[in-house]
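Order of the sequence lines fixes the chain letters, A, B, ..., with proteins taken first and strands second; residue numbering starts at 1 for each chain. Just the heavy atoms: all of them, side chains too, but no hydrogens, waters or symmetry mates, feed the values below.
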Amino acid sequence: MADPMKIRANLVGDETEVKVLMSHEMETGQRKDAQGKVIPAWFIQNVKVMHNDKVVLAAQWGPAVSKNPFLSFKFKDGAKGDKVTITWVDNHNDTRTDEATIA
Amino acid sequence: MNRHSLFRWGAALVGAAAVGIALHGCASAPADDEVADRAAAMMKSSFKANGQATLARLDRDETQRLCSEYAGRPLPPDIAEKIRQANLATMRYPADGQFVGDWKNGEKIAQSGQGFQYSDDPKSAAGANCYACHQLSPKELSYGTIGPSLYRFGKLRGYTDETRRYAWQKIYNPEAFSACTNMPRFGAHHILTEQQIKDVVALLMDPASPVNQ
Amino acid sequence: MMQTKLHRAFAATLFASAAAMATIGVALADSTSDEIAKYREALAEGNPAELWEARGEEMWTKPRGSKQVSFKRCDLGLGPGVVKGAYAQLPRYFPDAKRVMDLETRLVHCMVTEQGYTEKEATKNVFGNGSAHRSDLEALAAYVVSQSKGVAMHVPVDEPHVRDMYRLGEKMFYYRGGTHDFACATCHGDDGKRIRLQDLPNLTKVEGAQKAYTTWPAYRVSQGEVRTFQWRLNDCFRQQRFPELIFGSDASIALTAYLAGRANGAPYEGPAIKR
Amino acid sequence: MSMDAQRRQALRRTGALSLLSLVSAAGWLSPADARADSWNKNAFETHSLDETMKAFGGGAPVPSNDVVFFSTPDIAENGAVVPIGITSRVPRTESIAILIEKNPNMLAAVFDIPPGTEPTLSTRIKMAQTSNVYALVKADGKYRVASKEIKVTLGGCGG
């Protein structure tokens, strides 16, 4: 199973700043191994960020997003103690959901 | 020499003096030579052969031994001269007397850092990685500063036989000019082939080379 | 003799014109280094080394090995299980092993003596390669070093065993060999130099050693892995065209003792994020 | 044929899938709904801005000073990780996409920006070589674009 994400959600003024690091190979499908065999593509395709029950960001990614992806953005109406939940799904249909509390 | 490099030389001398004080500051410390010998023996047992990089790579020739010994402090003039003479004796020249090859190939050699590492295929050609230490073509922003800029090498010095010969020699065995230089002995140590050295000379000396634009 | 003198006189004039040209080189380089600084600043905003730290922390507390014990009895020099500030005082001499050890060799020692791993098991994957071959040691190291953030380096260089290793490490630093005549000092013995666009710390000076040593281990973006100081030395020697430095060997610890000792006084700042 | 597979095929047949419909397709209710079939395969296999716009079902984007790169260096020390920050000052921004001209596939990422989320984000992408990078913004159904060149350099000992 995939490793947990590292999520930070901090209230800055009236906005919640979310920073997340995900553990993923993000293999492009363009690289070859030592034997010259193509390493198959393996990458996160969808990311969804929820604040309580509301989607605050939805993303589609290609394999050009860097290994161990980083993402940072801000949304309004968050309050200290609220939950921010992040889910990713990769092209192997592997998925991971983690949450953080707004601080 | 400009002010900038004078300053650097000054700093290097101060640094060397500081190392000297540190070494002699401790009265009970073992003699320097003894530490050096033990370090060399320790290295032999701390490395393992991997592919083309065998343990023989740890064996030093006289130049390497002297340059290790005098590193971090001023090189005595007689030792420097000894090193230069020994390396001058290794100098070989192209069989056909032609120093200049193909600059385009020279540029590729100057860009490549491959060769002689245990991770490299011993069958593929080695590069010289000139850009790691020198500025050459202004198009390449990613260049190092361990060595001087070679931008407009030929244009500044003139496209003469003497300069072509100098460029060849400097690549073949730079220890023949400046003892304990940081630059590898690309010819004397068979890192580059005769043709490859000609191609790098062309990168420096061909008026059409991007280096001379 | 005549020939040499001629060479030298000629070389001197060539060098003078090269120095004149260097001014142009410097101007070009300034905007490049500004942009590289911007690049590094943007990277510092999020360091994937945190993912390794989290995994390492879990491993530190979980029962492991055939004896199913955690690292709670592993003594990194400050007492059993003490992690806080431990990295800032390594390498040090450990009487129980009768050896000067750095963090990585000490972790292996604990895995073998406390947890029941064989030496071979404990060192089978010291440098990880992707999620299929990830290294427990790199994760453990990332966690342990993260607990020394802000702690001033204080390697016990006056302790006789460490002092001896320090002096041997210093000699190694200047040891020129191999096909390319490289020593550590070739690239790390002068101020203000860079290889390609990467600044080269002058490790012969305290400031240089401090800046370099306190930022390892680091997440290397070129590899997508956290790399330890053992890896840093191993890969430097590969590029020096030397044979392969053996993990945890005396030479690796001597050189680490030299560089860590020179970094004394500076706050530890790793794990960093690097190219 | 499963529902998912049918839907994928339907998406493929329509070809020109608008970003708007994607946003609704991406309107998951729970994490379990975050399925990969809301991934615009056509758009991620394009090789030019024209093709990408076609896959998005949009017209040619208009260059705009209201789409701004921030914390995005002109030179990347390593192409494997290139930091990209994009902010849109275009009112009612619905989505932000990152495109890299000289990558094997042009589209790197698309972010849907619901109301209440600031149209500002930063992430990191891979670049195969020095290239133009586009920040593509959709607002009120129209596309705007900004571009900048990022140089990818060789580093270290080169081996």
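With rounding to the nearest 0.5 angstrom, the CG atom of C:L43 is 5.0 Å from the CZ atom of D:R124. Between the CG atom of C:L197 and the CD1 atom of D:I75 there is a distance of 6.5 Å, given to the nearest 0.5 Å.
Counting non-hydrogen atoms of neighbouring residues, nucleotides and ligands closer than 6.0 angstrom, the NZ atom of C:K149 exceeds 12 such neighbours. Few gaps surround CG on D:D140; more than 12 heavy atoms of other groups in view lie less than 6.0 Å from it. Environment of NZ in C:K124: sparse, with no more than 12 heavy atoms of neighbouring residues, nucleotides or ligands closer than 6.0 Å.
Contacts of D:T72 with chain C are made by backbone atoms alone, with heavy-atom separations under 4.5 Å and no side-chain atom involved. Both the backbone and the side chain of C:E45 have a heavy atom closer than 4.5 Å to some heavy atom of chain D.
Contact record, D:S71 with C:A42: O-CB, 3.8 Å, taken as the closest heavy-atom pair.
Of the listed residues (C:E41, C:K38, C:Q223), the greatest number of heavy-atom pairs within a distance under 4.5 Å of chain D belongs to C:K38.
Using a 4.5 Å heavy-atom threshold, the side chains of C:Q198 and D:E77 count as touching.
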